[in-house]
Protein chains: 2
Amino acid sequence: MSRVDHVTLDETLRQALTQGLAATELWSLLLSVLEQRAAQRTPAMVRQQWESDRFVQPCAVNQRILNELDSHLLAAAADFEALELSPLAPLASCSSVALTSQNRIVSTARGTEVVSDPTNVLALECAKRLREAPGATIKLTTSHRCVRAQAIPKRPGFAAHFRMFCLASAAHERKDHGFTTEALIDHIRTHIAALDRLEQHGYRFPDRTLRLLCTPERLHLATRIAEAIPEMPATLAPLEHKYYDGLRFMLDAGTPDGNAIPLIDGGAFDWLRKLTDNQRMVYIASGMGSQLAALLFRRVAQIA
Amino acid sequence: MSRVDHVTLDETLRQALTQGLAATELWSLLLSVLEQRAAQRTPAMVRQQWESDRFVQPCAVNQRILNELDSHLLAAAADFEALELSPLAPLASCSSVALTSQNRIVSTARGTEVVSDPTNVLALECAKRLREAPGATIKLTTSHRCVRAQAIPKRPGFAAHFRMFCLASAAHERKDHGFTTEALIDHIRTHIAALDRLEQHGYRFPDRTLRLLCTPERLHLATRIAEAIPEMPATLAPLEHKYYDGLRFMLDAGTPDGNAIPLIDGGAFDWLRKLTDNQRMVYIASGMGSQLAALLFRRVAQIA
């Protein structure tokens with residue numbers, strides 16, 4: 001085939017796959033393509049991929065440690081409903097509402113994607129429930145093993161898949177941004193309580209620092225949140241990251257060798273407004289890198 | 001476009017995707033195709049899929065119940081190393097060694113598949129370790145949320161994704177099929193101990209029955225296994241399912257309304273022989289439908 005033909009076929013092919021085929025036709029085509037691609041693979045090829053592909057290698061932390069860790073985290077979040085998510089979410093669960101690229105996510109051949117951030121998925125459940133009962137206050141938690149396709153930071157503990165512990169709160173906004181501030185205070189306190197609880201079970205989280213990042217318009221809310229958590233004085237700083245809806249918090253802890261590790265990250269998001277088409281719906285979400293906690297902050301190897 | 005052109009393009013397209021493109025070119029093409037498909041999706045489309053697609057809906061069982069259930073199962077399997085798997089496995093992890101169709105599995109657009117059966121994945125880890133240390137005896141356990149794409153049985157508790165509790169044992173065969181029989185006895189006893197332990201924590205597994213299925217050549221091994229577990233008399237029956245390597249066991253329990261539920265299933269498999277190219281390597285694996293146990297056999301709702 002000449003170079004021109006090759007290019008033309010490429011373009012025709014790409015055009016059919018991205019636009020020409022109806023979505024259901026695409027999934028049906030990919031199903032049979034991947035069935036045939038799978039049929040071409042030998043046991044030796046599968047074994048070689050097992051040993052070299054970061055997406056498939058097992059977690060470096062023993063599952064008993066993760067199971068016990070989750071039990072403490074879920075106990076610390078006792079007034080959040082514990083939802084167990086599917087490994088899969090609708091295609092574009094993140095990229096349709098958040099400033100993120102689909103290239104950071106593993107998409108499947110069936111119109112879904114592997115969960116990369118449970119807070120995006122919990123937002124879908126909140127949207128469903130708030131459409132059914134707009135006056136409700138939703139509080140959800142989950143521990144979930146996420147997969148991320150982006151390049152991995154060159155730091156110990158980072159992997160292509162990892163457990164994350166998440167909180168999500170959603171409701172119609174109240175007077176004086178009452179729900180936004182209340183939910184953020186609730187999340188920060190719950191994460192602090194989780195760290196305290198883990199410290200009673202073999203973990204150490206020294207040198208904790210709390211940062212509140214905000215846009216100028218939301219500075220009064222950040223101040224109100226800081227005042228409500230006197231037990232842990234917060235540093236206030238300008239928020240520049242457009243990913244958040246004007247408010248973000250970060251809770252770091254120090255490792256024995258003196259590094260500050262960003263362990264907990266949360267904030268306000270506009271996702272629920274996009275998902276419900278209701279401008280008054282507030283979504284507060286946060287996550288702890290629980291697998292990172294197990295790798296870097298566990299003092300005693302209690303479980304073999 | 002005329003019908004003929006359409007058909008020709010279809011065939012050219014299919015040919016390129018299944019054969020013409022190198023695997024890396026295919027993954028690269030699919031990456032950009034799915035990025036563009038994702039970009040075409042609105043928040044409303046994502047929300048609608050969340051409410052209708054069985055692959056993405058959350059589990060019907062509260063995560064606190066599953067976390068506690070896993071803690072008991074992992075404790076019952078105390079002498080198995082607890083490995084936490086990735087949500088993803090190499091493409092063809094199951095179909096390259098087992099009698100199963102890729103259509104029952106959700107493949108990704110990056111040369112992987114969503115784990116559908118952790119026993120296939122644990123076999124890969126056993127192959128890796130036995131190639132490094134052929135004299136070793138490997139014992140692994142994991143609790144994992146699997147995704148299955150096949151049609152779901154019309155029975156309560158069955159879903160497109162579910163937690164499964166697995167055991168895997170692997171080693172070079174010993175005299176008189178010593179490893180095969182020993183490992184199967186170990187698995188059966190561990191599962192019985194797991195059920196007993198759960199009965200101390202709010203579960204009931206009445207009317208348990210153990211069946212040993214075997215080919216005529218392996219009847220003497222099945223008999224030896226049955227004799228080693230006098231506390232639970234087994235029924236012996238012919239094995240017709242080619243999925244197993246001559247030996248299979250099934251442990252059922254009865255629900256309050258009198259149905260026998262196949263809860264535990266295991267046996268010998270030839271997968272490790274294929275993965276290691278060593279005809280003397282034995283692989284014994286078994287799984288409990290732990291999510292099914294939580295749904296059908298829990299007497300007391302101890303955790304809200």
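Reminder, nothing fancy here: chain letters follow the sequence lines and each chain counts from 1.
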Can you see which heavy atom on [X] is nearest to which on [Y], and at what distance?
X        : Y        : answer
A:Val56  : B:Pro90  : CG1-N, 3.6 Å
A:Gln63  : B:Glu84  : NE2-OE1, 2.9 Å
A:Pro43  : B:Leu275 : O-CD2, 3.6 Å
B:Val46  : A:Ser96  : CG2-OG, 3.6 Å
A:Arg41  : B:Gly111 : NH1-O, 4.2 Å
A:Ser107 : B:Leu34  : CB-CD1, 3.7 Å

For [X], is it the side chain, the backbone, both, or neither that has a heavy atom closer than 4.5 Å to a heavy atom of chain A?
X        : value
B:Glu35  : both
B:Val115 : neither
B:Gln57  : backbone
B:Ala44  : neither
B:Asn103 : both
B:Val106 : both

Do [X] and [Y] have side-chain heavy atoms sitting under 4.5 Å apart?
X        : Y        : answer
A:Arg47  : B:Val97  : no
A:Val114 : B:Thr112 : no
B:Leu26  : A:Arg37  : yes
A:Arg145 : B:Arg145 : no
B:Leu13  : A:Leu29  : yes

Region of [X] that comes under 4.5 Å of a non-hydrogen atom in chain B:
X        : answer
A:Gln48  : neither
A:Ile105 : backbone
A:Ser95  : side chain

Spacing of [atom1] belonging to [X] relative to [atom2] belonging to [Y], to within rounding of 0.5 Å:
X        : Y       : atom1 : atom2 : value
A:Leu88  : B:Asp53 : CG    : CG    : 8.5 Å
A:Leu74  : B:Ile65 : CG    : CD1   : 11.5 Å
A:Leu124 : B:Gln49 : CG    : CD    : 9.5 Å

side-chain hydrogen bond (donor to acceptor under 3.5 Å, both in side chains) assessment of B:Arg14 paired with A:Ser32:
CA-CA 9 Å; B:Arg14 193 177 288 273; A:Ser32 81; 2.6 Å; yes

Select, from [options], the one with the greatest count of heavy-atom pairs under 4.5 Å involving chain B.
options                              : result
A:Ala78, A:Ala60, A:Ala39            : A:Ala78
A:Ala75, A:Ser143, A:Ala160          : A:Ser143
A:Lys128, A:Gln19, A:Lys274          : A:Lys128
A:Cys146, A:Ala109, A:Ala92, A:Ser86 : A:Ser86
A:Glu51, A:Gln102, A:His161, A:Met45 : A:His161
A:Thr276, A:Asp277, A:Val147         : A:Val147

Please, which pairs that meet ring pair (Phe, Tyr, Trp, His ring centres under 6.0 Å) have at least one residue in residues 24-48 of chain B, sequence neighbours excluded?
none

Option from A:Leu83, A:Leu140, A:Thr142 for which side chain to side chain contact (heavy atoms under 4.5 Å, CB included) with B:Pro58 holds:
A:Leu83

Under the side-chain hydrogen bond (donor to acceptor under 3.5 Å, both in side chains) rule, collect the residues that match up with B:Ser101, sequence neighbours excluded.
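Result, side-chain hydrogen bond (donor to acceptor under 3.5 Å, both in side chains) vs B:Ser101: none returned.
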
